[in-house]
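To start, the structure itself, in structure tokens.
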Amino acid sequence: MGHHAARIRFQDGGGIEYTIEPNWQRLDEPFSPLGIPIATGFYDYIRHSLELSSDQSAKISASADIEWGGYFDGQLTSYNLSGRLAPIPHLEFQVDYQLNQYKNLGVENRSDEAHLLGANVRLALNPRVQLIGFYQWNSAVDRSVWNVRFSWEYRPLSYIYLVFNSNQLDNINPEKRFLQQQYIGKVTYLHQF
């Protein structure tokens, strides 16, 4: 699979890009993206994308793109928006939003949409001590995911990591509702001879 792209890069670091990508997929067993079963067989479709972005190294940056075209036996259009704020080198916030609209997809010929929202925060006292937090919500399965990681390089190439993960599914059906949480700690020590 190859793709063809046309790019324009601006002197300020931003740009515009258009891509066309032919796809040839052979499914030897059923596949279920977004929980929609797609039958086995050969699929031939074309995807297009258009992306606009500002200078990603600036204190405030953004990007937006749209991707559209065939998707297996149906159509899929995806809209992506991303914003980033890094007022100082030690602090960064990022928010991402994606909307996927699919039509006439799969053996059920389904049409619907799914939203994906994500947020990241990075705090760094210095390059050796960092706290990174991530949150994501997926409307297709009504799932919330949290990940928080603290890392400290207390000596060269020796680290302490503390991680918290939370994965929650909030379906209306009580049998499908669950909450999974993990607390993980790791210490590495490098001794050079």
Any chance you could measure Leu123, atom CG, to Phe93, atom CZ, to the nearest 0.5 Å?
-> 6.5 Å

Between the CG atom in Leu76 and the CG atom in Leu105, the distance rounded to the nearest 0.5 Å is 7.5 Å

So, [X] side chain and [Y] main chain: donor-acceptor pair closer than 3.5 Å or not?
X      : Y      : answer
Ser53  : Ser63  : no
Arg155 : His191 : no
Ser54  : Ser61  : no
Arg47  : Glu21  : no
Thr188 : Tyr159 : yes

Would you say Ile66 has more than 12 foreign heavy atoms packed within less than 6.0 Å of its CD1?
-> yes

Side chains of [X] and [Y]: closer than 4.5 Å at any heavy-atom pair?
X      : Y      : result
Lys59  : Pro87  : no
Asn104 : Ser111 : yes
Gln101 : Tyr79  : yes
Ile20  : Ile46  : yes
Leu27  : Ile38  : yes
Leu99  : Glu113 : yes
Thr40  : Pro30  : yes
Ser78  : Trp68  : no

Would you please say whether a donor-acceptor pair under 3.5 Å links the side chains of [X] and [Y]?
X      : Y      : answer
Trp137 : Asp142 : yes
Gln98  : Asp96  : no
Ser166 : Gln168 : no

Specify the closest pair of heavy atoms between Glu17 and Ala5, including all atoms of both residues, with the distance to one decimal.
-> OE2-CB, 4.3 Å

Would you kindly confirm whether [X] and [Y] end up in one hydrophobic cluster when ILVMFWY residues are joined by side chain heavy atoms under 4.5 Å apart?
X      : Y      : result
Ile132 : Val121 : no
Phe31  : Tyr43  : yes
Val107 : Ile36  : no
Leu190 : Ile160 : no

Report the C-alpha separation of Phe10 and Ile8 in whole Å, then their side-chain angles, then the decisive distance to 0.1 Å, and conclude whether the side chain to side chain contact (heavy atoms under 4.5 Å, CB included) test is met.
-> CA-CA 7 Å; Phe10 302 118; Ile8 298 172; 3.9 Å; yes

May I have the step-by-step check of side chain to side chain donor-acceptor pair (under 3.5 Å) for Asn120 and Gln94, ending in yes or no?
-> CA-CA 5 Å; Asn120 290 294; Gln94 182 167 335; 4.9 Å; no

Does the separation of the ring centres of Phe72 and Tyr45 fall below 6.0 angstrom?
-> yes

